[in-house]
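Protein chains get the first letters and strands the later ones, always in sequence-line order, with residue 1 at the start of each.
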There are 2 protein chains.
Amino acid sequence: MPPAPAPGRMGRPPRTSRVEIMAAARHLIDRDGWEKLTMRRLAAEVGTAPTTLYHHVRDKDDLLTQLLDDYADRMPRPAMPLDPRERVITAATVIRDTLAAWPWVVEVLTRDDQVGRAALWMVETVLAGAVECGCSPEQAVDLYRSIWYYTAGEILIRATRGRDRPDSSRPGSRDDRIRAVDAAELPHLAALADRWASLTSRDTYALGLRSLVDGFLQAL
Amino acid sequence: MPPAPAPGRMGRPPRTSRVEIMAAARHLIDRDGWEKLTMRRLAAEVGTAPTTLYHHVRDKDDLLTQLLDDYADRMPRPAMPLDPRERVITAATVIRDTLAAWPWVVEVLTRDDQVGRAALWMVETVLAGAVECGCSPEQAVDLYRSIWYYTAGEILIRATRGRDRPDSSRPGSRDDRIRAVDAAELPHLAALADRWASLTSRDTYALGLRSLVDGFLQAL
DNA sequence: ACCTGAACACCGTTCAAGT
DNA sequence: ACCTGAACACCGTTCAAGT
């Protein structure tokens, strides 16, 4: 039995709440996959009409942003090493690991280059670490952006690779193309063709990140 | 008047061709924007029924892939510097500039991590340059992947930034969030809040790329 | 105040039938 | 062989009406 309207708030008591919608959205994504999240399916999951959702979120984009913010709030804030360079590395790695664990975020990431207010501490950590390493504020922003490009690219590409595994044997697929290269024209590629799939499935995020940070700081 | 069927090929002569469809798709994207490219609109542009398109392409994804391949074929193949490290830099920059000029490719890029057969020369150039710089074949692949992550991320984020400029003042926008940060908790971010938009709109692709490549080769 | 059905303006794709 | 209309199974979103 829903409670009677509070004195100042009148009218029909709510049967659907923002948190209920968010929980249903998370459940739907985890169960059926990110691409199955539609306003209509979400409404069915909540047990309400599609149009009801628009009383609690402005539109689908708003829903996605809120979902990402909620997720970012749960991001671990690990103990930070003393060395400023290591702090930069650690912050970037936490962001990456968090986002990689829920790859649907890529869709939202490409819509807004902000990872949510909860992730701002990571930006702060990188900026602070960079300044401690001798960067000017401008250089610190440049380093942050480079790291973010690298990280976003890694997540986006990795998330897609996982998705289209099924048809990687059909003609025109990536592996297919690599195997078909002309050894005379593209010798290095041809020599690696057989090992390409296994070489590119290794996790080299940390390696590239260290290269980027070290190279940047070295050039100061 | 369409020519009569050739001896071996019989039946109704084609009124729609693959190249015609591709040209129409390019025109539609250039005129109305990438997000307006649908099979139905494309058919209208060609002057045929939507269903006819499926005689010339397998599905929309196939259309996109062909479009990207055609575009990659037009990519300039600039004179390559003698220094192997500079060749790596040049190849990556050409890819980036080419893709940035037609940002819709981002959609296809996240679907398949291959830029099309015409871009394979870039992969080859990076691998060859890396090996000349002292990399093992495996390390060359690692460097290539790092560069590609960084490049793809830059293009994807940059393309999106341009798209949602209109509503960058509405509540919840990126700029809004940066301005609202707590100076006590996030001092570096707060100090840069006013300059954030201008600092992050500068083109720092080359800077990050050089850092990445230099840092990687230094660590060998 | 909150919820709903009906409707609008779209999608990609299939398939049997026409020329 | 090529093209088509009709249809299927969807989308996000608005809006007037109901409780």
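- Of the side-chain N and O atoms in B:Thr48, none sit less than 4.0 angstrom from OP1 or OP2 of D:dC3.
- A side-chain N or O of B:Gln66 and one of B:Asp62 form a donor-acceptor pair less than 3.5 Å apart.
- Summarising the local packing, CD of A:Glu185 is surrounded by 12 or fewer heavy atoms from other residues, nucleotides or ligands at distances under 6.0 Å.
- In summary, the side chains of B:Tyr205 and B:Thr151 do present a donor paired with an acceptor at a separation below 3.5 Å, with no hydrogens or angles considered.
- For C:dC2, neither phosphate oxygen OP1 nor OP2 lies less than 4.0 angstrom from any side-chain nitrogen or oxygen of A:Arg18.
- Ion pair B:Glu138/A:Arg195 flagged as a salt bridge, since at least one NZ, NE, NH1 or NH2 atom sits closer than 4.0 Å to an Asp/Glu carboxylate oxygen.
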List, with names and distances, any nitrogen or oxygen atoms from the protein found under 3.5 Å away from nitrogen or oxygen atoms belonging to nucleotides 10-13 of chain C.
from   : atom 1 : to      : atom 2 : distance (Å)
C:dC11 : OP1    : B:Thr38 : OG1    : 3.3
C:dC11 : N4     : B:Arg40 : NH2    : 3.4
C:dG12 : OP1    : B:Met39 : N      : 3.3
C:dG12 : OP1    : B:Lys60 : NZ     : 2.9
C:dG12 : OP2    : B:Met39 : N      : 2.9
C:dG12 : N7     : B:Arg40 : NH1    : 2.3
C:dG12 : O6     : B:Arg40 : NH1    : 2.9
C:dG12 : O6     : B:Arg40 : NH2    : 3.4
C:dT13 : OP2    : B:Tyr54 : OH     : 2.9
C:dT13 : OP2    : B:Lys60 : N      : 3.0
C:dT13 : O5'    : B:Tyr54 : OH     : 3.4

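- Phosphate contact (OP1/OP2 of C:dC2, side-chain N/O of A:His56, threshold under 4.0 Å): absent.
- A gap of 15 Å separates the C1' atoms of D:dC10 and C:dC8, to the nearest Å.
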### Query
What would the secondary structure line of DNA chain D be in dot-bracket form, counting Watson-Crick and G-U wobble pairs under 3.5 Å, with [ ] for pairs that cross earlier ones and | for pairs with another strand?
||.|||||...|||||.||
### Task
Walk me through it: do B:Arg96 and B:Asp203 pass the test salt bridge (charged side-chain N to carboxylate O under 4.0 Å, His left out)?
CA-CA 12 Å; B:Arg96 184 269 193 161; B:Asp203 181 356; 2.9 Å; yes
### Task
Evaluate the side chain to side chain contact (heavy atoms under 4.5 Å, CB included) criterion for residues B:Val94 and B:Met122: first the C-alpha distance (whole Å), next the side-chain angles of each, then the deciding distance (0.1 Å), finally the verdict.
CA-CA 9 Å; B:Val94 169; B:Met122 176 273 198; over 6 Å; no
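- Checking B:Arg145 against A:Thr204 by side-chain atom types alone, a donor-acceptor pair falls below 3.5 Å.
- Taking atom NE2 of residue B:His55 and atom P of nucleotide D:dT4, one finds them 10 Å apart after rounding to whole Å.
- With B:Trp34 as the partner, the side chain to side chain contact (heavy atoms under 4.5 Å, CB included) test is satisfied by one option alone out of B:Ile29, B:Val105, B:Leu28: B:Ile29.
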